[in-house]
There are 2 protein chains.
Amino acid sequence: MPLLVMKFGGTSVADLNRIKNAAMKVKREVERGYDVIVIVSAMSGKTNELVGWVEATSPLFDAREYDAVVASGENVTAGLMSLTLQEMDVPARSWQGWQVPINTTSQHSSARFVDIPRKNIDTKFAEGMKVAVVAGFQGISPEGRITTLGRGGSDTTAVAFAAAFGAERCDIYTDVDGVYTTDPRIASKARKLERIAFEEMLELASLGAKVLQTRSVELAMRYKVRLRVLSSFEDTDETSGTLICDEDEIMESKVVSGVASSREEAKITLVTVEDKPGISAAIFAPLAELGVNVDMIVQNISEKDYEDHPGAVTDMTFSCPVNQVARARKAMEDAKAAGHIAYDDLVVDTEVAKVSVVGIGMRSHAGVAARMFKALADENINIKVISTSEIKISVLIDRKYMELAVQALHDAFELEQA
Amino acid sequence: MPLLVMKFGGTSVADLNRIKNAAMKVKREVERGYDVIVIVSAMSGKTNELVGWVEATSPLFDAREYDAVVASGENVTAGLMSLTLQEMDVPARSWQGWQVPINTTSQHSSARFVDIPRKNIDTKFAEGMKVAVVAGFQGISPEGRITTLGRGGSDTTAVAFAAAFGAERCDIYTDVDGVYTTDPRIASKARKLERIAFEEMLELASLGAKVLQTRSVELAMRYKVRLRVLSSFEDTDETSGTLICDEDEIMESKVVSGVASSREEAKITLVTVEDKPGISAAIFAPLAELGVNVDMIVQNISEKDYEDHPGAVTDMTFSCPVNQVARARKAMEDAKAAGHIAYDDLVVDTEVAKVSVVGIGMRSHAGVAARMFKALADENINIKVISTSEIKISVLIDRKYMELAVQALHDAFELEQA
């Protein structure tokens, strides 16, 4: 029997009516001949309520108890979804993490999958169950305690089940109807993509497109799980939404598939750093220790007069999320005070944004960077930092130009055309 | 290490402040040198919310899914209580039913305990845990699914743990401060009892005193678990509340310990029933099949003229809860239509109440019935049905006299005096 994984997020199961609506989508797939594994999130708002109670009880909470409390939201939805399907004459039952069992590591609140044995669920499919409704976001540790995967972990649960059970596809039902060439709230010409390659989706997800968790896309890419993102709130069929798949399944890629943007960025420059072997490690090790997520890094030749500094000197610039600036500054000042690094000044610019173009076609096409920089120059947008990967070019610019830059790049690469 | 079981009901853990208040009571017992097993209910209102969702989803719900959904309320409280204790520097951890495991039968929503292995919890006590916070009301079936014990099952969970772990005592914290000689809302002279025997409590519980679940008292009596009922909302010490214990622990019992009353009773009389062997079975089997809880049964010689009925005839009267009258009537009419029983008329009186006096002292004292009937006669209260057990006398009377009867009996047996 072919098998499908269907995942419904919190807004898609927010109340009994929405659960019923989701169940109708599941029933339709059963009628088409699929066995289905449904992954559910907690009803929207419920996880926040539970997290609020835990945090109010104990500011430095025991993550094991946090997980035990918070995972209960998904258990409720799983039971209700199973009941709703039974009411529609679809043989269903609910599965909590420990019942499958979903074996994870012991890192509470950020556990990783170890394995998902098929035996228990397969036995029930063989006995006539058509739908296994699995509580997302949770698992069980080797010590027999409840773990969670971190917020948004239900997407990852869905992909992990699709991989473990060899599903034909993993459909992620959410509150948007697919993946767009860029954020439609920024560029009205944004176009929904029919297909996008794993690598592109991964860059878009990590660059700020909030449709899917980065981790779930990574897992899908590793196990070649065909992922589809589509809307819970619309009538959908087999061609709805966006398919995220291996690039082999995409006939002809455009050079650039999408434009991503990220608003809350900051740029930090260490001025007149002594330039000697090991200096980069001396700078970035303390940042990592304090949990600063350094993104782009650029090292420039310093413009300072060499006479003031007998050794060779440089400027070092990096970017990080705005809310980590205080931590980054502390890491640098402590390292300077300890004598591990030396610099004249630390300059922070919290008014920047990151804009990126992404596309697997870049691998075989030259001139993408030139076209990008020209489009920005035509709008008089100054580029502060550049970084590139095989399928992506990112720039830091003044935040006030972010929307303008996205629109200009969307036009320059003709993304409104399929 | 001596061990104590402490149980907190829904109103005692209704919000984070009350959970904290309960945790302080637990901490105090730990400081006195006890290892503690805490049994918690769901925060009040939560179980009703979950039950409401299940019933709205599926009127004839799958009890296995009902249990999976509804048991999640206790899991939340267990985690929050454990966190609260940790915050007070008391080493605690939460236990869900399947983690202990609490092995039960497969009768979902009304499961019964099979066994509670001590190994997992004892191992953690040996490692330094001082408090095991256990989610009440739930267990796990031989098939590995979540079961519940039925509403109020947390009391029973507490007693079962006290029996399994050889606890010195099982303290039931609730919203009243003990067991009274009668309902204080009915008789202002009601007095809190310091001690009461299991058998007496069992009669009081099943007669309508809502302090404890009948089943938990039965279990306590069978395993000689000393039960204490006391208030969550007052400062309490080792002499607070009411101790429910073996009668050997009660120095000198009064003849009557308490007066119980039950308002929602109905009296049903089958008039002119053919009186022959097997007729009682023919009447009460169909009632049991339809789930009618028959309480008192009286068989009278019929006053009908024997000439109209050549065989011997009788009247048969029984009582049941008011809300089961329709079912009882259907059972009788179906049995009559099927030719299994014959009667001239079925007379229902839905305006009756039951009043009972209870006391183990009755076993060795004559004259209790006479004293009871005289007290009622002095108030011109007519007795409609009488039934007796070794330690209890119950009467059905007109409902409008119920409060008067309770007060008169409380006075007649001088229950306001210790």
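Every chain is numbered from 1, with letters handed out A, B, ... down the list of sequences.
- Interface remark: B:R64 contributes no atoms to any contact with chain A (heavy atom separation under 4.5 Å).
- There is a side-chain donor-acceptor pair under 3.5 Å between A:S106 and A:E143.
- Between A:P59 and B:E87 there is a side-chain heavy-atom pair separated by less than 4.5 Å.
- Annotation: maximal heavy-atom pairing with chain B below 4.5 Å, among A:L83, A:V76, A:V69, occurs at A:L83.
- Counting heavy-atom pairs under 4.5 Å between each of B:A56, B:S58, B:A92 and chain A puts B:S58 at the top.
- The choice from A:T84, A:T57, A:V133, A:V70 that makes the most heavy-atom pairs within less than 4.5 Å of chain B is A:T57.
- For chain A, the nearby parts of B:L80 are the backbone and the side chain; heavy atoms of each come within less than 4.5 Å.
- Comparing B:F61, B:W53, B:W95 by how many heavy-atom pairs each has under 4.5 Å with chain A, the most go to B:W53.
- Of the two parts of B:E74, neither the backbone nor the side chain holds a non-hydrogen atom closer than 4.5 Å to a non-hydrogen atom of chain A.
- Screening A:N75, A:T157, A:T147 for a side-chain contact (heavy atoms from CB on, under 4.5 Å) with A:Q138, the sole residue that qualifies is A:N75.
- Annotation: side chain of A:V176 is not in contact with side chain of A:S231 (no heavy-atom distance under 4.5 Å).
- Only the side chain of A:E49 comes within less than 4.5 Å of a heavy atom of chain B; its backbone N, CA, C and O stay farther away.
- With a threshold of 4.5 angstrom between heavy atoms, B:M81 does not approach chain A through any atom at all.
- Within 6.0 Å of the CG atom in A:D237, the count of heavy atoms belonging to other residues, nucleotides or ligands exceeds 12.
- With a 4.5 Å cut-off on non-hydrogen atoms, A:I146 touches chain B through its backbone and its side chain both.
- Counting heavy atoms of neighbouring residues, nucleotides and ligands inside a 6.0 Å radius, atom CZ of B:R112 does not exceed 12 of them.
- Of the possible polar contacts, one joining the A:N21 side chain to the A:S232 backbone as a donor-acceptor pair under 3.5 Å is found.
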